[in-house]
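The structure appears right after this line, and notes come after that.
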Amino acid sequence: MVLYLAADLIWASKIKGVGDAAGVACRPVRTLEMLEARLGDSDVRALVLDLDVPDMAMAMIARVRGCEKEAAGRRVRVLAWGPHVEVGLLKGAREAGADEVVTRGGFDHSMGETLKRLESGK
């Protein structure tokens, strides 16, 4: 399963629709409580974070990395995406522990392939 945080309904709908079309189970997380519940009851492979919600995105990166320390051997891939002009946000996500950081356009262009790859654990 791939979890996602999206800043608005347009992106949330797009991620869900592209995931469904690609055969990838995608579920939204809007709070740390939702994230923790999904991590506790689902086989979460990846977390996709919209950097237009910077505080929550960074908190989710920290929480996922903290969970991994608690559950040895579990690895959730984290992909953060945001506007290409927000260089500081993109860099901050990388420094916070995101495995991949891409621009909004880059994510949009390859969303289906990216979601499939993330679900497969790559």
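Atom set for the values below is all heavy atoms of this structure, side chains included, hydrogens, waters and symmetry mates excluded.
Salt bridge R63/E33: absent, no basic N to carboxylate O contact under 4.0 Å. Remark: D20 engages K16 in a salt bridge, criterion side-chain N to carboxylate O under 4.0 Å. A salt bridge links E95 and K91; the closest N-O separation between the charged side-chain nitrogens and carboxylate oxygens is under 4.0 Å.
Residues L89 and R94 form no side-chain contact, since every pair of their non-hydrogen atoms from C-beta on lies 4.5 Å or further apart. Between L47 and R77, the closest side-chain pair of non-hydrogen atoms is not below 4.5 Å. The closest side-chain heavy-atom distance from M111 to I15 is below 4.5 Å. When side chains are defined from C-beta on, E86 does not count as touching L51, because their heavy atoms never get closer than 4.5 Å. A heavy-atom distance below 4.5 Å is found between the side chains of R104 and D52. Contact of the V64 side chain with the V78 side chain is registered, since non-hydrogen atoms from C-beta on lie closer than 4.5 Å. You'll find the side chain of M1 stays beyond 4.5 Å of the side chain of D43, heavy atoms only. When side chains are defined from C-beta on, L118 does not count as touching R45, because their heavy atoms never get closer than 4.5 Å.
The backbone N or O of E113 lies less than 3.5 Å from no partner atom in the side chain of S110, so there is not a single donor-acceptor pair. A donor-acceptor pair is defined here as one N or O able to donate and one able to accept, closer than 3.5 Å; no such pair exists between the side chain of S13 and the backbone of I10.
Here the shortest heavy-atom pairing between R30 and M60 reads C-CE, 4.0 Å. Of all the heavy atoms in A98 and A80, the pair that sits closest is CB-CB, 4.3 Å.
Under the 4.5 Å side-chain contact rule for hydrophobic residues, V102 and L90 do not share a cluster. Linking ILVMFWY side-chain heavy atoms closer than 4.5 Å, directly or via other members, places L49 and V2 in two distinct hydrophobic clusters. Hydrophobic clustering, with ILVMFWY side chains joined whenever heavy atoms are under 4.5 angstrom apart, keeps M58 apart from W81. Linking ILVMFWY residues whenever their side-chain heavy atoms come closer than 4.5 Å, directly or via other members, places M56 and L3 in the same cluster.
Separating the CZ atom in R65 from the CD1 atom in I61 is a distance of 8.0 Å, to the nearest 0.5 Å.
Evaluation of the salt bridge (Lys or Arg N to Asp or Glu O under 4.0 Å) rule for K116 yields no partner, not counting sequence neighbours. Partners of D8 by salt bridge (Lys or Arg N to Asp or Glu O under 4.0 Å), not counting sequence neighbours: none found.
Among the candidates V48, D50, L79, L115, the single residue satisfying the side chain to side chain contact (heavy atoms under 4.5 Å, CB included) test with Y4 is V48.
Between W11 and F107, the two ring planes are parallel [angle under 30°; tilted spans 30° to 60°].
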Between D99 and R75, does the side-chain contact (heavy atoms from CB on, under 4.5 Å) criterion hold? Intermediate values first, please. CA-CA 11 Å; D99 298 295; R75 179 78 173 144; 2.4 Å; yes

Tell me, with the steps shown, if V44 and R27 meet side-chain contact (heavy atoms from CB on, under 4.5 Å). CA-CA 10 Å; V44 177; R27 301 289 180 267; over 6 Å; no

